[in-house]
Structures are given as C-alpha cells and as structure tokens.
K.L.:
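Please find one structure pasted underneath; my questions will follow.
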Amino acid sequence: MEGNGNDAKGATKTSVVNGDGVTVKDCQKMIQKSLRSPMVKFLMENLEKSGCTIGDNFIKAVNCQQKVAGGYTRGGGIIVCSNHMNLQDEVDQVLIHELIHAYDDCTAKNLNWANCAHHACSEIRAGHLSGDCHFKRELLRGYMKLRGHEQDCVKRRVIKSVMANPYCAETAAKDAMEAVWDTCYNDTRPFDRAP
C-alpha cells in the first residue's frame, strides 16, 4: 500500500496506481468479480471467522480525489478508486492488499495506526502477502533486479506508505520498518505460508 493518511476515527490506508480509470458502476462489477476470486474469498472468510464485522457496504467503488487505487479505513471499510482502476487484476490486488489491513486491524490487539511500527507491520504484511511485489509487477514498474526484488519492493512501498502517515517522518518510518521487519515479514496469518 502506498500513500497513507490517518483521520480522527482511525487510519486510512491507500494504494497508488496510474491510469484513466473506469466508472463507479463498472468498478462495482469488477469488485463483484474479485469477490469470487480464491484469494479474496479466502481473506473474506478469515475476516468473518475472526469475528470481524463485514457489512454489505464494507467494500465500495468511489471516485477518489487523490491519485490512489483504494484504501482501508477503520470503521469505514474498503474503497476502490474506480477512476484509477483499468484492469480486473488491479481491483483484485487492491482488495487483497486492503483485506490484509482489515484483517490486521480486526485481529491485532490495540493496533494503533498512528504508531509507526504498527503501521509499518501491517504494510509489510500486506506488501508481502498480497503479491504487490511479484516479479512481473516489478518489471512493469521498471524495476529489473533479479535477486532480492521482492523484499526490496516491499521495503520501498512500506517506507512510502508509512511516510505518508502524518505521525511518521522519513526517519521514523525507516526505523519502525527495520525494527519490526523480521517479525512482520514472517507473519503470514491467515495463510499457512506466504502465497
């Protein structure tokens, strides 16, 4: 997830993408298709098994002012920014990433999105477990490293996201990420291992 901010109710996590986008109606159809994908279904089922409340309006398509793909807000659910979505795969990725944040928010005791280490941990998990940093995606972004690309990508995206948190300056974001890296990178819940 890239580009984050916090509001008074809790955190708003957001993911940056590029493109011309689709209508809210078309994006809503894409969300419905994503809800049938194995990974999204698995995460939704695990949210429910964990006692997390998911209402009918938990995931919604909206037009976003910021150049972001979507986000998760405690108490508000997940938004997918239709005006920045072009492909079904993009919608799938946003939902997977944001559902990991929702899972963390629901299952972690005393998660505080204003705490740089807490925020970094959820970003590490979402970046690692969602496939955001798959080799193919990195090549499309112009990153051509053959070895260690996944961890470098996760770190790059975590720093960018946590720095966007008004409570976390660059140094604090980097320090927080380094402090929690091993624990959070190796935490694959609700998966048995990293997908």
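For the single chain, residues carry numbers from 1 onward in sequence order. Any value given below was found using the heavy atoms of this structure, including those in side chains, with hydrogens, waters and symmetry copies removed. All values reported here derive from a predicted model rather than from experimental measurement.
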K.L.:
With rounding to the nearest 0.5 Å, note down the distance linking NZ in K41 to CG in N46.
P.N.:
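These two atoms lie 13.0 Å from each other.
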
K.L.:
Rounded to the nearest 0.5 Å, how far apart are CD1 of I31 and NZ of K29?
P.N.:
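Nearest 0.5 Å value for the CD1-NZ distance: 12.5 Å.
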
K.L.:
What pair of heavy atoms forms the shortest contact from V162 to E123, and how long is it?
P.N.:
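Looking at all heavy atoms of both residues, the closest pair is CG2-CG, 4.2 Å.
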
K.L.:
Determine, stepwise, if the pair E178 / K174 fulfils salt bridge (charged side-chain N to carboxylate O under 4.0 Å, His left out).
P.N.:
CA-CA 6 Å; E178 292 300 328; K174 286 179 180 175; over 6 Å; no

K.L.:
I'd like to know if the side chain of N83 and the backbone of C64 have a donor-acceptor N/O pair within less than 3.5 Å.
P.N.:
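Yes; judged by distance alone, with no hydrogens or angles, the pair exists.
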
K.L.:
Could you list the residues that satisfy salt bridge (Lys or Arg N to Asp or Glu O under 4.0 Å) with D187, not counting sequence neighbours?
P.N.:
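Listed in chain order: R125, R189.
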
K.L.:
To the closest 0.5 Å, what do you measure between NE2 (H128) and CG (N186)?
P.N.:
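H128 NE2 to N186 CG: 7.0 Å, rounded to 0.5 Å.
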
K.L.:
Minimum heavy-atom separation for N165 and W113, please, with both atom names.
P.N.:
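Minimum heavy-atom separation between N165 and W113: ND2-O, 2.8 Å.
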
K.L.:
Given C184, which of V158, I124, V154 fulfils the side chain to side chain contact (heavy atoms under 4.5 Å, CB included) condition?
P.N.:
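Among V158, I124, V154, the one that satisfies the side chain to side chain contact (heavy atoms under 4.5 Å, CB included) with C184 is I124.
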
K.L.:
If Ile, Leu, Val, Met, Phe, Trp and Tyr residues are connected whenever their side-chain heavy atoms lie under 4.5 Å apart, and connections chain through other members, are V24 and V80 in the same group?
P.N.:
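As far as the 4.5 Å side-chain criterion goes, V80 and V24 are not connected within one cluster.
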
K.L.:
Is there a side-chain contact (heavy atoms from CB on, under 4.5 Å) between T23 and S82 once you walk through the steps?
P.N.:
CA-CA 6 Å; T23 66; S82 61; over 6 Å; no

K.L.:
Please round to the nearest 0.5 Å and tell me the distance separating atom CG of L99 and atom CD1 of I78.
P.N.:
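Separation between the atoms: 4.0 Å.
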
K.L.:
Looking at G70, is its backbone amide N or carbonyl O close enough to the side chain of H84 to form a donor-acceptor pair, meaning the two atoms are under 3.5 Å apart?
P.N.:
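Flag not set: sc H84 to bb G70 has no pair under 3.5 Å.
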
K.L.:
Once rounded to the nearest 0.5 Å, what's the spacing between atom SG of C168 and atom NE2 of H118?
P.N.:
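So the SG of C168 and the NE2 of H118 are separated by 11.0 Å.
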
K.L.:
Can you list, pair by pair, the side-chain donor-acceptor contacts under 3.5 Å of residues 52-62, counting residues two or more places apart and other chains?
P.N.:
unit_1	atom_1	unit_2	atom_2	d
K60	NZ	N57	O	3.2
K60	NZ	G76	O	2.9

K.L.:
Indicate yes or no for a side-chain donor-acceptor contact from T183 to the backbone of V180 under 3.5 Å, with no hydrogens or angles considered.
P.N.:
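Checked: no pair found.
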
K.L.:
L87, I96: one ILVMFWY side-chain cluster at the under-4.5 Å cut-off?
P.N.:
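Per the 4.5 Å side-chain linkage, L87 and I96 are not co-clustered.
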
K.L.:
Are V91 and K33 close enough that some pair of their side-chain heavy atoms sits under 4.5 Å apart?
P.N.:
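Side chain of V91 against side chain of K33, heavy atoms only: no contact under 4.5 Å found.
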
K.L.:
Restricting to non-hydrogen atoms, name the atom on R36 and the atom on Q32 that form the minimum distance, rounded to 0.1 Å.
P.N.:
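Residues R36 and Q32, closest heavy atoms: NH1-O, 3.4 Å.
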
K.L.:
For the residue pair P190 and F42, what are the closest heavy atoms and their distance?
P.N.:
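Taking P190 first and F42 second, the nearest heavy atoms are O-CZ, 3.4 Å.
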
K.L.:
Search all heavy atoms of C116 against all heavy atoms of Y167 and return the closest pair with its distance.
P.N.:
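Answer, listing the atom of C116 first, then Y167: SG-O, 3.5 Å.
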
K.L.:
Does either side chain, that of H97 or that of Q93, offer a donor lying less than 3.5 Å from an acceptor on the other one?
P.N.:
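No.
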
K.L.:
Find the distance between CD (E150) and OH (Y185) and round it off to the nearest 0.5 Å.
P.N.:
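Those atoms lie 3.5 Å apart.
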
K.L.:
Measure across Y72 and E98 and return the closest heavy-atom pair with its distance rounded to 0.1 Å.
P.N.:
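The answer is N-OE1, 3.3 Å.
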
